[in-house]
There are 2 protein chains.
Amino acid sequence: MTKQQLFAQIQKKRSFLCVGLDTDITKIPEHLLEKEDPIYAFNKEIIDKTASYCVAYKPNLAFYESQGLTGWLAFEKTVAYIRQRYPDQFIIADAKRGDIGNTSEMYASTFFDTARVDAVTVAPYMGEDSVTPFLKYNGKWVILLALTSNKGSQDFQLLQDQNGERLFEKVLRQSQAWASAEQMMYVVGATQGRLFEEVRKIVPDHFLLVPGVGAQGGSLEEVCHYGMNRECGLLVNSSRAIIYADTTETFAETAGKEARKLQEEMAGMLEKYL
Amino acid sequence: MTKQQLFAQIQKKRSFLCVGLDTDITKIPEHLLEKEDPIYAFNKEIIDKTASYCVAYKPNLAFYESQGLTGWLAFEKTVAYIRQRYPDQFIIADAKRGDIGNTSEMYASTFFDTARVDAVTVAPYMGEDSVTPFLKYNGKWVILLALTSNKGSQDFQLLQDQNGERLFEKVLRQSQAWASAEQMMYVVGATQGRLFEEVRKIVPDHFLLVPGVGAQGGSLEEVCHYGMNRECGLLVNSSRAIIYADTTETFAETAGKEARKLQEEMAGMLEKYL
């Protein structure tokens with residue numbers, strides 16, 4: 001999917017919501033545990049009820065891997081289901097991979113040839129040759145960690161060099177030599193508030209994937225105020241606040257309602273800031 | 001496995017070799033492709049011929065994941081095979097994971113509860129709460145990326161802060177508050193040469209996992225000269241130079257010979273520097 005196509009979806013749906021499919025087998029409604037593949041069954045219902053309100057899905061690989069083979073199968077089936085039923089959705093494998101060149105090539109192949117998602121999150125610590133193998137795929141995206149939403153983001157990402165440039169700024173600046181805004185996005189946590197202004201000074205045109213609204217406490221208003229650009233430029237993710245809003249048999253309907261609430265807020269933000 | 005037990009193995013075998021099981025389906029001998037599980041068949045033979053000369057195995061997850069379900073199964077079977085036949089071997093899942101706390105918990109469970117390896121490589125970019133979930137497992141290890149072997153290690157890892165402290169030094173220093181040398185090791189690339197001296201100033205007692213000897217061109221002598229401590233403190237990895245030394249039917253014998261050559265060099269280094 002191109003940047004233009006993604007923006008077109010955002011305009012059409014008046015939403016820049018990404019639903020995080022962090023499907024934890026210990027948290028899904030009991031009645032699903034009898035199904036042959038409870039994780040996939042859960043995802044399918046969540047997807048059916050939320051697809052009208054979001055433009056992207058983001059399965060986090062950790063939740064699938066922790067179930068071994070069964071989990072990987074559920075991940076692959078989930079991606080295939082979205083591809084088939086909702087071909088306009090942007091699919092992000094939240095995997096935070098990154099390794100030396102020949103190894104990153106393998107990871108790129110895993111996600112782009114085998115699983116056929118649109119984008120993969122990648123960690124920048126190992127530098128250019130750990131990222132570029134993911135960029136060899138036409139129409140596919142790298143979403144590079146820049147400024148994450150968690151407490152530990154303070155440990156290294158804010159480190160200032162002798163010119164006052166912080167590590168996340170260096171990551172943003174330097175990685176622009178590796179790919180354009182047509183193939184690279186950045187993770188910037190909703191909890192970072194006004195630092196979105198600093199981010200936008202360096203990457204005015206890029207899409208940002210924004211976790212941390214909801215369970216982690218970030219503010220959508222603040223994110224939009226400081227982060228939105230003229231093509232929206234935001235994919236705001238919510239996982240737990242949507243998919244675990246209700247843990248009874250009505251979980252999917254409730255998830256749909258939560259997604260719709262966020263979509264309506266987002267429509268307002270698009271009205272206000274775009 | 002404890003640090004003492006690992007050192008005991010090193011003394012017993014006169015080796016600190018880690019064999020990297022980066023098993024690439026496109027590179028294994030043709031005759032194995034007829035087998036039901038070619039990756040596992042390849043690994044089993046490699047392991048049988050190299051186990052006397054090494055103290056650790058390091059499957060890199062990228063190579064397994066790229067094969068989807070089949071690959072994961074081969075990974076799990078490989079770990080189980082080593083556990084059963086060679087219980088004294090230290091098994092490292094080279095996965096370079098790291099995510100927000102609740103997600104890193106999932107990754108930790110994947111590798112320590114499901115796959116039952118001894119150690120996982122973890123990327124430090126997201127800071128403390130992305131690492132500590134891996135440390136809750138007794139007798140299990142985190143191997144944190146500090147100064148990697150690839151060209152891209154220059155991009156961010158050498159960034160100096162206003163006091164002249166480089167990012168990899170900050171990672172080494174700060175992470176010591178999260179775990180002791182009994183539960184944490186660091187990745188330091190053999191290609192980094194004299195920087196091992198700087199690393200040892202900060203972490204004199206820790207084990208270092210050292211990739212980059214062999215195909216990547218690092219020098220074993222230099223690594224030992226600057227990096228060895230009184231409990232050896234090194235696990236030197238070789239992947240491609242051992243497992244792909246020969247791509248005919250005699251691949252495993254040749255791998256064994258290559259491993260033995262390295263073991264003999266290592267015995268000399270232990271004699272010289274320990």
Side-chain angles (χ1 to χ4, degrees), chain A residues 22 24 60-63 65-69 71-73 76 94 96-111 113-115 123-132 145 148-157 159-162 164-165 167 170-171 174 211-212 216 240, chain B residues 22 24 60-63 65-69 71-73 76 94 96-111 113-115 123-132 145 148-157 159-162 164-165 167 170-171 174 211 215-216 240:
Chain A
D22 297 1
D24 181 343
N60 187 311
L61 267 291
F63 293 82
E65 281 183 31
S66 71
Q67 299 308 305
L69 291 178
W72 263 91
L73 192 58
E76 289 186 359
D94 195 0
K96 302 188 174 71
R97 298 299 195 261
D99 207 315
I100 64 171
N102 76 315
T103 307
S104 270
E105 272 174 29
M106 286 303 205
Y107 281 128
S109 167
T110 301
F111 292 110
D113 292 326
T114 310
Y125 193 77
M126 293 181 68
E128 180 171 2
D129 60 303
S130 70
V131 178
T132 46
L145 302 185
T148 57
S149 57
N150 62 324
K151 186 161 166 281
S153 66
Q154 312 284 313
D155 289 333
F156 307 119
Q157 297 166 24
L159 174 74
Q160 272 189 359
D161 74 6
Q162 281 147 340
E165 188 175 52
L167 177 57
K170 198 176 176 77
V171 167
Q174 203 150 322
Q216 296 180 63
R240 288 171 273 180
Chain B
D22 297 4
D24 181 343
N60 187 311
L61 268 290
F63 292 82
E65 280 183 30
S66 71
Q67 299 308 306
L69 292 179
W72 263 91
L73 192 58
E76 290 185 359
D94 194 1
K96 302 189 172 70
R97 299 298 196 262
D99 206 315
I100 64 171
N102 76 315
T103 307
S104 270
E105 271 173 32
M106 286 303 203
Y107 281 127
S109 168
T110 302
F111 293 110
D113 292 327
T114 310
Y125 193 77
M126 294 182 67
E128 180 172 2
D129 60 303
S130 69
V131 178
T132 45
L145 302 185
T148 57
S149 57
N150 63 323
K151 186 160 168 283
S153 65
Q154 312 283 313
D155 289 333
F156 306 119
Q157 297 166 24
L159 175 73
Q160 273 189 359
D161 74 6
Q162 282 148 337
E165 188 176 51
L167 177 58
K170 198 177 177 75
V171 168
Q174 204 150 321
Q216 296 180 64
R240 289 171 271 179

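Sequence lines set the chain letters: A, B, ... in the order given, protein chains first and strands last, and positions in each chain run from 1. Hydrogens, waters and symmetry mates are skipped; everything else that's a heavy atom, side chains included, is used.
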Next item on the list: Given side-chain contact (heavy atoms from CB on, under 4.5 Å), test B/Gln154 with A/Glu128 step by step and report yes or no.
Entry: CA-CA 9 Å; B/Gln154 312 283 313; A/Glu128 180 171 2; over 6 Å; no
Between chain A and each of [options], count heavy-atom pairs under 4.5 Å; write down the option with the most.
{"options": "B/Ile100, B/Thr114, B/Val171", "value": "B/Val171"}
{"options": "B/Asp22, B/Asp113, B/Leu145, B/Asp94", "value": "B/Leu145"}
{"options": "B/Leu61, B/Leu73, B/Leu167", "value": "B/Leu167"}
{"options": "B/Ser109, B/Ala115, B/Gly152", "value": "B/Gly152"}
{"options": "B/Gly127, B/Ala62, B/Gly68, B/Gly71", "value": "B/Ala62"}

Chain A contact via [X] - which portion, at a heavy-atom distance below 4.5 Å:
{"X": "B/Pro124", "answer": "both"}
{"X": "B/Gln67", "answer": "neither"}
{"X": "B/Glu105", "answer": "neither"}
{"X": "B/Ser153", "answer": "backbone"}

Note to self: Would the distance check show the side chain of A/Ser104 and the main-chain N or O of A/Gly101 forming a donor-acceptor pair, the cut-off being under 3.5 Å?
What the structure shows: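 Looks like no, no N/O pair under 3.5 Å.
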Is [X] close to chain B through its backbone or its side chain, or both, or neither, when contacts mean heavy atoms under 4.5 Å?
{"X": "A/Ser149", "answer": "side chain"}
{"X": "A/Gln174", "answer": "side chain"}
{"X": "A/Val131", "answer": "neither"}
{"X": "A/Glu76", "answer": "side chain"}

Between [X] and [Y], what is the shortest heavy-atom contact and its length?
{"X": "A/Gln157", "Y": "B/Tyr125", "answer": "NE2-O, 2.9 Å"}
{"X": "A/Lys96", "Y": "B/Asp99", "answer": "NZ-OD2, 2.8 Å"}
{"X": "B/Met106", "Y": "A/Ser66", "answer": "O-CB, 3.6 Å"}

Next item on the list: State the OG1-NZ distance between A/Thr148 and A/Lys151, to the nearest 0.5 angstrom.
Entry: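 Rounded to the nearest 0.5 Å, the OG1-NZ separation comes out at 12.5 Å.
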Margin query: Let's go through A/Gln160 and B/Gln162 carefully: what are the C-alpha distance in whole Å and the side-chain angles of both, what is the deciding distance for side-chain contact (heavy atoms from CB on, under 4.5 Å) to 0.1 Å, and is it a yes or a no?
Written below: CA-CA 7 Å; A/Gln160 272 189 359; B/Gln162 282 148 337; 3.3 Å; yes
Item checked: From CA spacing to verdict: side-chain contact (heavy atoms from CB on, under 4.5 Å), A/Asp161, B/Asp161 -> CA-CA 4 Å; A/Asp161 74 6; B/Asp161 74 6; over 6 Å; no
Item checked: Minimum side-chain heavy-atom gap B/Thr110-B/Arg97 below 4.5 Å -> no
